[in-house]
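Reading through the structure tokens given below for one structure.
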Amino acid sequence: MKKNENINFPGNPVPTIATKEFFHHVIQFAKKHQIVILHDFAYSELYYEEKPISFLSIDGTRDVGIKFNSLSKSFNMAGCRIGYVLGNEDVIKGLNRLKSNLDYGVFIPIQKAAIHALNDKSNFSSDLRKTYKNRRDVLVNGLNEIGWKVESPKASMFFRAKVPSSYTSTDFAYRLIDDAGIVVTPGNAFGPSCEG
Ligand SMILES: Cc1ncc(COP(=O)(O)O)c(C=O)c1O
């Protein structure tokens with residue numbers, strides 16, 4: 001394998017869910033170009049209508065890559081720097097070698113909190129989904145009601161909207177801060193094709 005490529009679905013900043021067909025295409029692409037695929041599945045639990053597919057549930061993915069998950073979003077443990085990785089044994093061995101030269105084990109109380117979270121049998125995830133879904137619906141319905149037509153994100157905590165045509169993304173973001181006290185990220189922060 002020569003290079004690696006990172007994909008994140010459901011995505012940041014594009015809240016899209018990958019399809020099985022897309023993952024099949026990714027596997028073929030990785031094999032053809034001899035690259036390793038790293039699937040970042042940080043938003044696996046933050047979905048609203050349809051559960052996102054795990055990359056590793058598709059035949060052939062273990063030949064080409066691994067899946068990361070983080071407890072940052074699923075268990076509100078952002079900043080704790082704790083997650084896990086599954087998939088291709090050789091890639092994980094390489095990652096292990098790299099990480100053991102780069103940094104240290106995570107602080108033990110955080111590891112214990114993570115074990116507790118992963119063994120949790122309560123409704124934490126579904127309650128969290130309800131909280132975010134409620135916020136999403138308030139925002140999407142509110143904007144649609146005032147005539148600002150927006151799409152409802154299927155997953156994650158991200159939301160994208162077209163800025164009014166008389167503004168650039170940056171000017172509009174400043175206007176929201178100045179006039180409404182609302183902070184957003186201008187689309188062009190994600191590249192020129194996200195301008196507007
Ligand atoms: C797609 C994606 N992966 C990973 C992370 C961060 O995970 P961690 O806090 O474990 O570094 C984020 C958070 O912003 C994210 O959006």
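The structure displayed is predicted, hence computed values, not measured ones. Whatever order the structure lists them in is the order used to number ligands and atoms, beginning at 1.
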Protein residue, atom and distance nearest to atom 9 (O) of ligand 1, heavy-atom basis: Ser72 OG, 2.5 Å
Any side-chain donor near an acceptor of the partner, Tyr167 and Arg175, under 3.5 Å: yes
Top protein contact for atom 5 (C) of ligand 1, by heavy-atom distance: Lys73 CE, 4.1 Å
Salt-bridge present (Glu45, Arg129; N to O < 4.0 Å): yes
Which residue and heavy atom of the protein sit nearest atom 11 (O) of ligand 1, plus the separation: Arg81 NH2, 2.6 Å
Atom indices of ligand 1 within 4.0 angstrom of Ala42 heavy atoms, with elements: 2 (C), 3 (N), 4 (C)
Output field: ring centroids Trp148/Phe172 closer than 6.0 Å: yes
Closest protein heavy atom (residue, atom, distance) for atom 7 (O) of ligand 1: Ser70 OG, 3.5 Å
Minimum-distance protein heavy atom relative to atom 3 (N) of ligand 1: Asp40 OD2, 2.6 Å
For Asn12, atoms of ligand 1 separated by under 4.0 Å from a heavy atom: 1 (C), 15 (C), 16 (O)
Between Ser156 and Asn12: side-chain donor-acceptor atoms closer than 3.5 Å: no
Taking atom 15 (C) of ligand 1 as the reference point, the nearest protein heavy atom with its distance: Tyr43 OH, 3.5 Å
Ionic contact status for Lys99 with Asp103, cut-off 4.0 Å: yes
Arg62 side chain reached by Leu56 side chain, heavy atoms, under 4.5 Å: yes
